[in-house]
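Working notes, beginning with the structure itself.
By convention here, the first residue in the shown sequence is residue 1.
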Amino acid sequence: ALTRRCPTQSTWSIDLAYLLHGYGIHARYCTITWGADESYKSIEYYKANLDNDASRVNSLFTNAATKGLSVEMKSLAVETIVETLESETSVVIILVDTKCFEQGCAEEKARASKNR
């Protein structure tokens, strides 16, 4: 059943948002990267599939609003995440960009602060 809803070998965070939405779960998807970032080609996980995935992933971002999926280009403050978790009906899924682990988080933090 999941492979019908997400028929891909590499799963992107936008795939997860669509998957939740497809099951009727209201999801608010916030990201600091809109679409498939070409710089990911240097990361082993994405190397084999990025060229094939880029068009599909970019299309998912572009069409999200028309599908009723909330996608926002922003990072969230820790306080906002904590406030969301205080609701008994909310779940927070935090995905950390692999670049933070490979290059350190300083560059990503600077980039995120520009997008706030």
Side-chain angles (χ1 to χ4, degrees):
L2 288 177
T3 54
R4 274 197 316 264
R5 290 183 181 260
C6 190
T8 179
Q9 292 298 311
S10 58
T11 305
W12 291 66
S13 54
I14 190 74
D15 290 315
L16 299 176
Y18 269 85
L19 189 63
L20 291 170
H21 185 71
Y23 280 104
I25 299 169
H26 173 74
R28 177 180 171 208
Y29 177 60
C30 300
T31 181
I32 61 169
T33 305
W34 190 269
D37 185 340
E38 291 293 319
S39 71
Y40 281 31
K41 284 184 180 181
S42 63
I43 300 170
E44 193 62 36
Y45 176 80
Y46 294 101
K47 268 184 191 173
N49 297 309
L50 186 62
D51 289 331
N52 295 330
D53 285 351
S55 175
R56 180 185 67 78
V57 169
N58 291 336
S59 178
L60 290 173
F61 275 91
T62 301
N63 296 315
T66 61
K67 303 286 185 185
L69 182 61
S70 172
V71 178
E72 302 171 49
M73 179 82 170
K74 66 190 272 183
S75 77
L76 296 175
V78 171
E79 296 80 14
T80 303
I81 295 168
V82 170
E83 287 172 13
T84 302
L85 285 170
E86 288 174 345
S87 166
E88 291 183 17
T89 60
S90 294
V91 173
V92 174
I93 300 171
I94 299 174
L95 303 172
V96 178
D97 191 328
T98 188
K99 289 180 186 179
C100 283
F101 298 114
E102 293 179 354
Q103 299 172 355
C105 289
E107 293 174 21
E108 293 302 314
K109 284 181 184 176
R111 188 169 140 204
S113 67
K114 289 180 187 176
N115 293 323
R116 287 187 187 165

Next item on the list: Report the distance from atom OG of Ser70 to atom NE2 of His21, rounding to the nearest 0.5 Å.
Entry: 10.0 Å

Check: side chain to side chain contact (heavy atoms under 4.5 Å, CB included) between Arg56 and Asp15: does it pass, once the steps are laid out?
Finding: CA-CA 10 Å; Arg56 180 185 67 78; Asp15 290 315; 2.6 Å; yes

Check: When rounded to the nearest 0.5 angstrom, what is the spacing between OH in Tyr29 and NZ in Lys74?
Finding: 14.5 Å

Item checked: Side-chain (Tyr18) to main-chain (Leu60) donor-acceptor, under 3.5 angstrom -> yes

Note to self: If hydrophobic clusters are built by linking Ile, Leu, Val, Met, Phe, Trp and Tyr wherever their side-chain heavy atoms come under 4.5 Å apart, do Val78 and Leu85 end up in the same one?
What the structure shows: no

Next item on the list: Looking only at non-hydrogen atoms, find the nearest pair between Arg28 and Leu76 and report the distance.
Entry: NH2-CD2, 3.9 Å

Next item on the list: Starting at CG of Leu69, measure out to CZ of Phe61 and round the result to the nearest 0.5 Å.
Entry: 9.5 Å

Item checked: Polar side chain donor-acceptor pair, Thr89 to Ser87, under 3.5 angstrom -> yes

Item checked: Close side-chain approach of Ile93 and Leu16, heavy atoms under 4.5 Å -> no

Note to self: If I take atom CG from residue Leu95 and atom OG from residue Ser13, how far apart are they, to the nearest 0.5 angstrom?
What the structure shows: 6.0 Å

Check: To the nearest 0.5 Å, how far apart are OG1 in Thr31 and CG in Asp37?
Finding: 9.5 Å

Notebook entry, point to check: Taking a hydrophobic cluster as the set of Ile, Leu, Val, Met, Phe, Trp and Tyr residues connected by side-chain heavy atoms closer than 4.5 Å, whether directly or through intermediates, do Val82 and Val92 fall within one such cluster?
Noted result: no

Note to self: Keeping Thr84 on the side-chain end and Thr80 on the backbone end, is there a donor-acceptor pair under 3.5 Å?
What the structure shows: yes

Note to self: Consider side chain to side chain contact (heavy atoms under 4.5 Å, CB included). Of Asn58, Leu19, Val57, which one does Ile14 pass it with?
What the structure shows: Val57

Notebook entry, point to check: Rounded to the nearest 0.5 Å, what separation is found between the NE2 atom of His26 and the OG atom of Ser90?
Noted result: 8.5 Å

